[in-house]
Amino acid sequence: MPMPETSKANSDKNKAKPAISVAMSMDQISVNELAGVGPKIAEKLARLNISTAQDLLLHLPYRYEDRTRITAINQLRAGEKHLIQGEIELCDTVFARKRMLVCRLSDVTSSINLRFFHFNQQQKSALRKGNTIQCFGEVRFSFGNKIEMIHPEFKIINKDDPPPLKQSLTPVYPVTEGLHQLSLRKFINQVLLMLKANPGSLTDHLPDQLIKKFKLQSLHDAIDFIHQPPASVSESEIESGRSQFIKRLAFDELLAHHLGLRSLREKMKLCKAPKFKSESDLFLRFKQALPFSLTQAQDRVISELSADCSSGLPMMRLLQGDVGSGKTLVAAFAALQAIISDFQVALMVPTEILANQHVQSFRHWFDALGIKTVLLTGKLTVVQRREALELIASNKAKMIIGTHALFQRDVFFANLGFIVVDEQHRFGVHQRLALKEKGLKKGEQVHQLIMTATPIPRTLAMTAYADLDVSIIDELPAGRQEIKTVALAQNRREDVIARVHVNCRAGQQAYWVCTLIEESESLQCQAAEETAKQLRESLGDIKIGLVHGRMKSKEKEQVMASFKQGDIDLLIATTVIEVGVDVPNASLIVIENAERLGLAQLHQLRGRVGRGSTQSHCVLLYQAPLSEISNQRIAVMRESGDGFYIAQKDLEIRGPGEVLGTRQTGGLFFKVADLSRDKELVPLVKQCAEMLIEQWPEKVKPIIYSWIDEQANYASV
Ligand code: ADP
Ligand code: MG
């Protein structure tokens with residue numbers, strides 16, 4: 001087959017290999033023993049974490065191609081991949097900016113152009129006029145709105161005796177540089193044939209009793225199915241996860257992750273951590289100085305944290321609480337315990353604006369108690385930075401608040417005992433760990449509190465955060481009112497401006513958020529600048545401020561401070577204010593381009609208001625017409641203010657990959673499992689994990705490592 005893509009495996013290919021003993025099990029057969037695998041290929045396979053035949057079987061396709069039938073050329077649809085068959089009518093080398101080979105392929109229904117930019121003489125002669133070929137590739141529109149295929153795979157066939165079509169969908173596997181799809185497919189096929197000859201050679205680490213108890217398919221059948229699903233099964237059917245075979249694999253994968261995170265946690269429990277004192281004068285003084293009393297939920301969580309931090313084991317706790325539920329104060333109480341016990345605390349936040357705000361809050365709370373708070377961001381001047389580093393290294397600063405700058409190489413903490421990560425979905429696991437490393441001393445671990453306002457549904461938290469304990473603030477401070485939310489099309493913009501005007505004239509404050517989905521910060525800033533100009537023209541009698549990411553730190557800080565003090569009525573902002581910003585007097589927020597934002601982001605943005613006791617409003621401005629998904633999202637925003645409900649809906653609409661994001665889960669990336677699709681498996685997985693640990697502890701490691709690469713995932717955590 002003159003595919004443009006020949007594997008470099010050729011040199012390895014023809015060496016005679018000793019026959020593999022039938023009695024051997026798949027996890028004892030090294031890939032080196034397979035035909036076509038030499039040291040070079042073995043090294044490339046190792047990069048995919050494949051070293052045994054069993055690893056190859058568990059290297060799963062991420063999609064399929066349908067080569068089980070031939071599509072008539074007049075039935076082709078652009079954007080899809082199809083197998084076609086026809087006769088070459090014309091084959092020409094043409095020069096249109098670049099040299100290329102263009103062929104015209106016809107069947108009885110119509111014709112299509114094939115275009116090649118790289119080709120050799122052999123390929124050119126294979127594509128000779130009059131030859132019949134089978135061809136597989138993606139159909140697209142060319143400039144003249146005609147359909148074409150670019151660089152399709154093709155083979156010459158005998159018209160009167162065409163080769164049989166594939167009986168099953170063709171799997172597409174994740175590959176690595178220098179290891180081609182076709183080679184990988186060949187190796188996996190080889191192993192599948194071996195498996196067919198000797199079905200007992202596949203080791204299923206899950207004990208029979210558990211397979212029966214949880215009504216699972218055999219691993220053997222599941223593996224067979226996923227590598228070569230019968231032509232009668234469509235790809236969407238496989239994705240929908242209805243197949244019991246897919247369920248079995250998803251079950252195993254979730255189980256491996258769950259066990260992996262649990263063992264990580266066990267490992268942490270073997271470490272020691274400082275014991276914080278929980279009672280002291282300062283603690284009471286702090287509590288009494290607050291202008292309000294803590295909610296019951298806050299009180300409960302504070303006790304949970306105290307218990308953890310006085311146990312002598314490192315705390316690893318995730319604190320979930322909806323936007324505005326008062327997580328900062330809870331963190332302050334925990335921080336106070338560390339400080340009373342003579343340790344330093346580092347609080348890491350994703351944005352400079354938030355770092356500044358937290359510094360103000362903590363100074364407001366802690367200065368009176370004689371505790372020094374310092375700020376460390378990347379935007380400090382050289383002198384400021386030197387001063388901050390000195391205070392941190394000399395143990396004079398006890399409460400250290402900052403951005404990523406906190407874990408840079410030249411930052412030395414005198415005695416770091418507690419780290420808090422706020423808005424953790426903005427950070428990766430490795431960033432949390434980098435900060436944690438700053439506190440390592442004499443074999444002791446720091447305590448960690450990880451806070452998030454992006455609520456994670458319980459089932460998900462159990463799987464994605466099995467290494468963390470979870471505390472939940474499930475109550476808002478007294479007197480809060482539900483934010484009233486409306487959605488209006490852009491053509492009502494003037495009405496919205498009028499309403500902002502009325503509100504601000506009446507002494508309330510408002511946000512106007514300019515968002516753009518494009519990751520281009522400069523475009524977003526531009527949009528905000530233009531909006532500010534326009535609104536300043538039409539609303540001359542209210543005070544308007546502007547804040548965006550391109551402004552100098554000092555300017556940003558000043559604008560935010562004036563807004564907080566009430567000197568600015570209307571703040572035009574980009575998404576720099578998305579997380580954490582707390583100005584309780586602001587009671588109206590207008591969000592532009594709401595149709596382009598995800599639910600989590602909308603909920604976060606809306607959470608900037610409704611932080612005081614006045615009735616707050618949120619206006620979602622959108623560009624009509626709304627797509628189906630945007631429509632659903634906006635409906636959810638209008639019907640609920642409950643972050644957990646919204647997160648659940650988000651899962652249903654988008655799937656969990658996006659809710660968590662790979663950054664948030666720190667490498668929680670599944671091959672087959674899908675947490676929203678497979679959510680009913682999660683409690684079973686947990687139950688199964690417990691039984692395994694109880695009764696078959698020796699199986700735990702093999703199960704983890706058949707799915708998870710030790711090095712990449714857990715070794716360093
Ligand atoms: P989030 O959980 O979103 O981080 P914050 O910690 O920013 O919320 O708190 C939101 C606002 O609620 C702040 O202005 C804070 O001072 C206030 N707050 C916190 N706890 C209480 C409480 N128990 N009663 C009244 N207001 C509170
Ligand atoms: Mg917060």
Side-chain angles (χ1 to χ4, degrees), residues 297 318-328 349-351 353-354 422-426 451-458 460-461 464 472-477 480-488 510-517 573-584 586-612 615-622 626 629-661 663-664 676:
L318 177 73
L319 172 55
Q320 290 185 44
D322 211 342
V323 275
S325 61
K327 294 183 291 296
T328 320
V349 298
T351 68
I353 288 182
L354 196 47
D422 194 11
E423 307 293 349
Q424 83 104 27
H425 61 288
R426 294 292 192 91
M451 308 202 288
T452 183
T454 302
I456 301 149
R458 243 206 129 66
L460 223 64
I472 299 179
I473 305 185
D474 49 6
E475 178 187 10
L476 292 177
R480 297 276 174 86
Q481 297 180 42
E482 183 102 338
I483 303 163
K484 293 204 169 123
T485 302
V486 293
L488 297 172
Y511 294 93
W512 187 295
V513 193
C514 303
T515 71
L516 281 174
I517 199 79
T574 58
T575 48
V576 290
I577 55 108
E578 181 181 326
V579 291
V581 170
D582 183 47
V583 180
S587 59
L588 169 63
I589 186 165
V590 180
I591 304 173
E592 291 213 61
N593 298 318
E595 80 281 2
R596 303 203 224 164
L597 304 179
L599 272 175
Q601 198 178 7
L602 285 170
H603 181 62
Q604 277 282 353
L605 280 169
R606 180 171 64 180
R608 294 316 109 218
V609 298
R611 299 185 150 243
Q615 175 63 58
S616 289
H617 296 269
C618 169
V619 179
L620 304 173
L621 263 182
Y622 64 84
L626 284 178
I629 285 197
S630 308
N631 208 355
Q632 282 177 23
R633 285 192 193 127
I634 285 178
V636 171
M637 287 299 289
R638 289 174 52 193
E639 108 199 15
S640 174
D642 175 353
F644 282 81
Y645 174 81
I646 292 174
Q648 188 56 46
K649 286 287 168 189
D650 203 14
L651 259 180
E652 286 164 23
I653 300 175
R654 297 199 303 176
E658 285 175 88
V659 175
L660 292 168
R663 281 190 306 158
Q664 184 184 12
S676 79

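Everything quoted here is computed from the prediction, not taken from an experiment.
When all heavy atoms of Gln604 and Val579 are compared, the pair lying nearest together is OE1-CG1, 3.7 Å. Nearest heavy-atom pair across Ile646 and Arg606 is CD1-NH2, 3.4 Å. Closest approach of Gly612 and Arg480 over heavy atoms only: O-CD, 3.6 Å. The shortest heavy-atom contact between Gly607 and Val323 is CA-CG2, 3.9 Å. The minimum heavy-atom distance between Ser616 and Gly610, with the atom names listed, is OG-N, 3.0 Å. Between Arg638 and Thr485, the shortest heavy-atom distance links the atoms CG-O, 3.9 Å.
Panel note: side chain Asp322, backbone Gly643; a donor-acceptor pair is recorded below 3.5 Å. Panel note: side chain Thr452, backbone Gln320; no donor-acceptor pair is recorded below 3.5 Å.
Looking at heavy atoms from C-beta onward, Arg633 lies out of side-chain contact with Asn631 at the 4.5 angstrom threshold.
Between Trp512 and the choices Leu621, Val619, Leu588, the side chain to side chain contact (heavy atoms under 4.5 Å, CB included) rule is met once, by Leu621.
For the atom pair CG of Asp642 and CD of Glu482, the computed distance is 8.5 Å after rounding to the nearest 0.5 Å. The structure places CD of Glu423 at 8.5 Å from OG1 of Thr351, a figure rounded to the nearest 0.5 Å. If you take CG on Leu605 and CD1 on Ile591, they are separated by 4.5 Å, rounding to the nearest 0.5 Å. Atom CG of Leu597 and atom OG1 of Thr575 lie 8.5 Å apart (nearest 0.5 Å). Atom OG in Ser587 sits 7.0 Å away from atom NE2 in His617 (nearest 0.5 Å). Rounding to the nearest 0.5 Å gives a distance of 13.5 Å between SG of Cys618 and NZ of Lys484.
Lys327 has no carboxylate O lying under 4.0 Å from a charged side-chain N of Asp422, or vice versa, which leaves the two without a salt bridge.
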Begin from the C-alpha positions of Arg611 and Val583 and carry the test side chain to side chain contact (heavy atoms under 4.5 Å, CB included) through to its verdict. CA-CA 7 Å; Arg611 299 185 150 243; Val583 180; over 6 Å; no
